[in-house]
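These notes are about the structure you will find just below.
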Amino acid sequence: MTANDRPVQPVNVPENWAPDSWRSRKATQQPVYPDADALAQVQGELSRLPPLVTSWEILALKKQIADAQDGKRFVLQGGDCAESFSDCESGLISNRLKVLLQMSLVLVHGLRLPVVRIGRFAGQYAKPRSADSESKDGVTLPSYRGDFINQPEFTQDARTPDPRRMVKGHARSAMTMNFVRALVDGGFADLHHPEYWDLGWVGHSPLSDEYHRMVAAVGDAVKFMETIAGESLHNLNRADFYTSHEALLLPYEEALTRQVPRQWGWFNLGTHFPWIGMRTADINDAHVEYFRGLRNPIAVKVGPSATPEQLLQLIDTLNPDNEPGRLSLIQRMGAAKVADKLPALLAAVQREGRRVLWICDPMHGNTEGTSNGYKTRRFDNIRSELEQSFDLHAAAGSRLGGVHLELTGENVTECLGGARELTEVDLERAYLSTVDPRLNYEQSLEIAMLIVRKRSAQQASLAG
Ligand code: PEP
Ligand code: CO
């Protein structure tokens with residue numbers, strides 16, 4: 001969709017909603033800013049800064065998510081658990097892009113479906129925490145809530161929430177977006193040159209043969225198509241990338257919520273696809289109130305404690321018109337609970353005919369501690385939750401239309417297992433995350449391959 005053919009619709013803003021109506025509700029997981037005037041000043045400044053995305057990109061993504069609901073596309077959403085300001089650098093951003101491009105190539109090739117690529121980046125700077133404060137040696141300080149809010153070092157100064165960090169985060173998000181857009185528009189994502197996405201250290205990966213066979217097959221297919229067409233296929237030169245983050249820090253999100261000419265309603269122009277985290281998804285609370293008024297496609301995390309009744313109420317509030325592409329449910333149950341908890345939710349959504357896109361986050365229900373003090377996730381549990389989810393959806397007559405992963409293009413050792421069979425001792429080598437453990441490049445690629453295998457096996461058993 002271009003700027004010129006934007007649909008004009010009657011004003012249809014949800015009732016009694018405004019970008020700040022969340023303020024009348026209980027807002028959980030918010031920092032306490034010591035200086036209210038400084039906060040108000042920052043919000044004013046942010047609300048005048050240019051947006052990071054446009055309404056027509058947002059509506060184009062909504063359409064693609066609607067297609068994914070109908071089984072015509074598959075969603076790949078991934079990136080860091082939390083971005084940090086110091087990680088806003090070219091190598092880290094382009095490596096993350098490379099992994100996502102490689103995974104999407106594997107998925108496109110194996111699933112025979114276009115893939116919707118959504119990064120967890122350009123604004124993933126605020127984190128929910130299990131406690132508001134942290135104590136060490138008799139000193140109690142506010143918890144680290146992400147770079148948007150404060151700093152991880154355990155000092156009074158570093159931990160005091162500073163609203164100016166939102167302005168810095170907005171700028172880092174804009175730099176990240178700018179670089180991603182420039183790479184993608186400049187031919188980095190060109191299917192004629194998948195070697196651009198090779199990561200230096202992966203030559204000896206156990207998966208590289210399989211991956212390179214696939215790349216060669218895609219290259220042959222491209223050449224074949226171009227021979228038939230008698231010309232170069234230019235639309236293979238670029239790929240669309242969308243952005244997402246947990247819209248947790250409401251003063252920031254409110255300041256980026258805008259109206260645009262010739263469009264009705266309100267858009268969050270800080271990201272294409274904001275989501276509500278599991279801890280802030282209470283129907284009466286501020287986050288649900290804020291999200292219900294947005295025209296963006298939105299998502300909500302659904303954990304093992306959600307009941308079918310709660311889920312249906314949440315769907316009623318967030319997508320009252322049953323609009324296609326509007327609402328995605330990111331299920332994150334854990335490998336041990338998914339078979340017990342998911343079927344009743346799927347049955348309720350199916351029974352009531354609610355249009356949603358189900359996306360599986362096999363990371364957040366599978367976090368555990370190790371004996372040597374690391375927060376980790378076992379590749380086998382991640383894989384198991386994903387595979388069980390495909391089966392549970394199939395058994396319910398539902399569709400799993402996407403995957404949501406925490407990953408990086410770096411050679412980290414944060415999750416156990418995978419093709420290289422990383423052990424607890426390996427975690428000591430390259431554990432870099434300040435929050436949740438991420439899949440490294442190889443583990444990410446392996447997940448893409450196993451999604452393809454699982455889907456192919458399902459389709460073969462249907463056909464047989
Ligand atoms: C996250 O996605 O990093 C996160 C905190 O997830 P959840 O809300 O599902 O716990
Ligand atoms: Co996380």
Side-chain angles (χ1 to χ4, degrees), residues 27-31 75-84 87 96 118-132 143-149 152 243-250 253 271 273-283 285-288 290-291 298-306 310-311 314 318 327-338 341-342 345 358-369 374-378 381-382 385-386 389 402-408 412 414-415 431-440 443-444 447:
T28 54
Q29 297 285 346
Q30 302 301 294
V75 168
L76 169 63
Q77 186 179 18
D80 280 313
C81 180
E83 290 177 285
S84 70
D87 283 354
R96 191 168 49 207
I118 307 176
R120 262 180 82 112
F121 55 58
Q124 177 56 16
Y125 287 120
K127 297 306 298 173
R129 301 314 304 256
S130 46
D132 283 341
S143 294
Y144 169 60
R145 290 188 171 276
D147 275 10
F148 251 159
I149 291 133
T243 59
S244 67
H245 64 253
E246 180 175 350
L248 181 69
L249 183 59
L250 291 170
E253 304 301 336
T271 190
F273 187 47
W275 81 81
I276 309 180
M278 186 187 71
R279 292 173 188 75
T280 49
D282 191 293
I283 188 151
D285 287 358
H287 289 84
V288 173
Y290 168 72
F291 271 72
I298 58 173
V300 58
K301 294 279 198 106
V302 181
S305 65
Q310 283 168 343
L311 184 62
L314 201 56
L318 293 174
L327 182 62
S328 297
L329 301 177
I330 307 176
Q331 50 164 96
R332 35 88 79 225
M333 304 285 158
K337 293 189 179 156
V338 65
K341 302 293 180 186
L342 190 63
L345 302 179
W358 285 98
I359 298 176
C360 177
D361 164 0
M363 312 295 294
H364 286 88
N366 293 310
T367 314
E368 58 183 285
Y374 288 96
K375 194 174 175 187
T376 192
R377 292 162 173 156
R378 287 172 201 276
N381 288 338
I382 295 169
E385 179 163 1
L386 203 47
S389 298
V403 63
H404 177 119
L405 301 166
E406 287 187 344
L407 53 81
T408 167
V412 299
E414 297 172 4
C415 291
Y431 195 106
L432 302 182
S433 175
T434 47
V435 262
D436 288 340
R438 301 159 296 178
L439 297 168
N440 64 23
Q443 292 168 326
S444 305
I447 290 284

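Just so it is clear, the model here is predicted, and its values are computed rather than measured. Because only heavy atoms are used, hydrogens play no part in the values below, and waters and symmetry mates are left out as well, while side chains stay in. Whatever order the structure lists ligands and atoms in, that order sets their numbers, starting from 1.
- Residue Q124 has no nitrogen or oxygen atom sitting less than 3.5 Å from a nitrogen or oxygen atom of ligand 1, judged on distance alone.
- Salt bridge E406/R377: present, at least one basic N to carboxylate O contact under 4.0 Å.
- At least one N or O atom of R120, backbone or side chain, sits closer than 3.5 Å to an N or O atom of ligand 1.
- Polar contact with ligand 1: present for R332 (N/O pair, distance under 3.5 Å).
- The backbone N or O of S433 lies less than 3.5 Å from no partner atom in the side chain of K375, so there is not a single donor-acceptor pair.
- Ligand 1 places these atoms under 4.0 Å from at least one heavy atom of G277: 8 (O).
- Neither side chain, R145 nor Q30, offers a donor N or O lying under 3.5 Å from an acceptor on the other.
- Looking at R129, its side chain never comes within 3.5 Å of a backbone N or O of Q29 through a donor-acceptor pair.
- Residue-ligand proximity, E406 to ligand 1, at heavy-atom distances under 4.0 Å covers atoms 1 (C), 2 (O), 3 (O).
- What sits closest to atom 8 (O) of ligand 1 on the protein, heavy atoms only, is M278 N, 2.8 Å.
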| request: List the steps and the verdict of side-chain contact (heavy atoms from CB on, under 4.5 Å) for L345 and W358. | output: CA-CA 11 Å; L345 302 179; W358 285 98; 4.2 Å; yes
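- Neither the backbone nor the side chain of M363 has a heavy atom within less than 4.0 Å of ligand 1.
- Here the side chain of T408 pairs no donor or acceptor atom with the backbone of N440 at under 3.5 angstrom.
- Ranking the protein heavy atoms by distance from atom 3 (O) of ligand 1 puts K127 NZ, 2.7 Å first.
- Put simply, the side chain of E83 gets close to the backbone of Q124: a donor and an acceptor are under 3.5 Å apart.
- Distances under 2.8 Å from the Co ion (ligand 2) pick out the protein N/O/S atoms C81 SG, H364 NE2, E406 OE2, D436 OD2.
- Side-chain contact, R332 with H404: no donor N or O sits under 3.5 Å from an acceptor N or O.
- Here P128 has side-chain heavy atoms under 4.0 Å from ligand 1, and that is the only part of it that gets that close.
- There is no side-chain donor-acceptor pair under 3.5 Å between H364 and E385.
- Residue H245 does not touch ligand 1, judged by heavy-atom distances below 4.0 Å.
- Residue-ligand proximity, C81 to ligand 1, at heavy-atom distances under 4.0 Å covers atoms 3 (O).
- No donor-acceptor contact under 3.5 angstrom links the side chains of T280 and T28, judged on distance only.
- Looking at ligand 1, you won't find any N or O of E246 less than 3.5 Å from one of its N or O atoms.
- Ring orientation note: the planes of Y431 and Y374 are tilted relative to one another, at an angle of 30° to 60°.
- Given atom 6 (O) of ligand 1, the protein heavy atom at minimum distance is K301 NZ, 2.9 Å.
- Nearest protein heavy-atom neighbour of atom 1 (C) of ligand 1: H364 NE2, 2.9 Å.
- Summarising the geometry of N381 relative to A335, their closest heavy-atom pair is O-CB, 3.5 Å, with the distance given to 0.1 Å.
- A donor-acceptor pair under 3.5 Å is formed between the side chain of Q443 and the backbone N or O of C415.
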